[in-house]
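Chain A is the first sequence line, chain B the second, and so forth, proteins listed ahead of strands; every chain is numbered from 1. Reckoned from all heavy atoms, side chains included, excluding hydrogens, waters and symmetry mates.
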Amino acid sequence: MNLLSLLILHSLLLLLLAPLLPGIIAKTKAFFGGRKGAPVLQLYFDLNRLRRKGMVVSPTTSWIFFVGPLLAVAVPLTASLMLPFGGLAAPVRFGGDAILFVYLFGLLRFFTASAALDTGSAFEGMGAAREVSFSCLAEPAVLLVLLLLGRLAGSFSLQQMLAPQQLAVAWPAQGVTLGLALVTLLVVVLAENARIPVDDPNTHLELTMIHEVMVLDHSGPALGLIEYGSALKLWVLGGLVVQLSLPPLLPTDLAATTLLFIAGQLLLALLIGIIESVMARLPLPRVPALLIGSGLLAAFGLILILR
Amino acid sequence: MTEQLLQLLPFAVILLGFYVLASQRLRACVEAVALQGALISCYPLLLHGFEGQALMLSGGALLLKGIVIPLMLLRAMRKLQIEREIESLIGFIPTLVVGVVVAAGAFLFADTLPLALEHHHSLVVPTALATMGCGFLLIITRRKALTQVLGYLVLENGIYIFGALISKVLPAMVEAGVLLDLLVAVFIMGIVLHQIKREFSTLDTQPLTELKE
C-alpha cells in the first residue's frame, strides 16, 4: 500500500468512526440506568446541528479563544498519524515520535486551558487549574508506559512499539509487565478524556466540573469542534490501549487485524460505559492518589524489565 | 502451566501488598491480606508438586492465613467497633512510593544474592523480600494497633514464601513453627488490643510511647 492511500485510509477511519465512541458510552450508561438512551449516532447529529448554529463570543476574548477549539481537532488528528491502527501502519514514523505524541497533547492542553482563562471567568479558571494539575500527574504515567514499551521493542517509535508482530513476541515473554502498562494506560485514558472516576462528563454543576467547565463559553461551531475533538482524542488514546491489548494470536492478515482493532475500540467504549455506570466519581483530593498509583505501577513494571 | 502461574503469582501478591499500603479502608485491607494469604498458600504446591508435605503446608496456610486469621481480625473489628479509617504517620501516597521503591530494591537486591543456581532469576526470592518490605512499612507507618497486626501478617506472608522455597531441605517442624507463631502473635495482639482499648479507650499506639509514672 502506498503512503498516500495509507494516509487517507488511516485518517478516514479516525474521522468517520471516532464519534461512534461517545454514543456507545452513552448507550451503555443508559442501559445500566434502565433508560432507552440517545441513539448511538447522536454525536453525528449534534455536530451537524452545531455546525449550522451561530456563535456568541464574549468581547473580552482574543484570538486565543479560537485556537483552543481548532487545536482540539488538529492535535488528535496529527497525533493519530504516528499511531498504528491494527494492521494499518502509522503513516508518519521516526525514532522518538512517542515523545512528540505525548507533548502534542500537552500543546492541546495548554491552549484549552489558555482559551478557558481568556474568557476571564472564575469558574473556567478553576477548571483550567484542575485540568492542568491532574494532567501533570497523568503525563509521567504515559511517559513511563512508553519508556517501558520502547525498552521492550528496542525502539522509541510508536509504530515499532505497538506493531502487532512485536507485541505477539512481547506478550508471552513479558505478559505481566505489559499487563501493568495496560492498567496504567487505561487509567490515563479515563483521566485524559474526562471520564469517571476522575471527571464526570455529564455534571451540570460548575464547581465540580473539570474539563466541561473550560468550554462553557464556547458555542456553535466552536463547541462542535471541541465535541468532535474530544471524540477524536478518545479514539486516539483508546487506540493505544486497544493496540497494546490486541491478543498475540492475531491473524497476520492486514484487513482482519484492522477490523479487530475497530472492534476493540468499540469494546473499549463499552468498557468505559460500564466503568462509568458501576463506579462513583472519586472525591477531588483522591484523584492524584489514583493517578500517582497508576504511574507507580508503570514505574514498577519498568524496573522489572530493566533489571 | 506451573511456570506461568509462578510468573503471575508474584505480581498478584506484590500488587495486593501495594493495595494494602494505599488503601484507606480497614475492611478492604483485611480482605486483601486474606487474599494474599490464600494466594501464597499455592507456593508449596507450585514449587514442589502434589506431595504430602506440600499439600499439608498449602492446606494449613490456606486455612490459617486465608480464612481463620482474617475472620478473627474482622471479629475483633466488630467487637471493638473500630472505625474504618486508617491513620498513617506519613501520607498514603508517600507510603506507596516508598513501597514501590522497596519492592524495586528487593528485585535488584535478589539478583546479587548468592542463591542456588536454580533459584537465580526466579521470582520467588524477590517476591518474598518485597512482601516482607511491605509488611515492615505497614508496621512502621500505621498508628492503629490493628493495622500493625496486618503489617505483621504481610511480613509473615513474605517469610512463608521464603520457607516454601526451602521446605524440602528443612523439616516440616520449621514450617509448623512459622504457622504457629503467627497464630500466637495474632492471639497476643488480640489481647493487647483489648488491653489498650480498655486502658486508653483508643487503639492509637501513640500513648504507649509516652513514659509516665
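The two residues Phe300(A) and Ala103(B) have their closest heavy-atom pair at CE1-CB, 3.7 Å. Nearest heavy-atom pair, Ala289(A) versus Ile93(B), reported as atom, atom and distance to 0.1 Å: CA-CD1, 3.4 Å.
Other residues, nucleotides and ligands place more than 12 heavy atoms under 6.0 Å from the CZ atom of Phe156(A). Remark: Phe134(A) CZ is packed, more than 12 non-hydrogen atoms of other residues, nucleotides or ligands lying under 6.0 Å away. Residue Phe109(B) qualifies as open at atom CZ: its count of foreign heavy atoms under 6.0 Å is 12 or below.
For Leu108(B), the part lying under 4.5 angstrom from a heavy atom of chain A is the side chain only. Contacts of Val97(B) with chain A are made by both backbone and side-chain atoms, with heavy-atom separations under 4.5 Å.
Taking the side chain as every heavy atom from C-beta outward, Leu297(A) and Leu15(B) approach each other to under 4.5 Å.
Highest contact tally toward chain B, considering only Leu306(A), Ile292(A), Leu304(A), is held by Leu304(A) [criterion: heavy-atom pairs under 4.5 Å].
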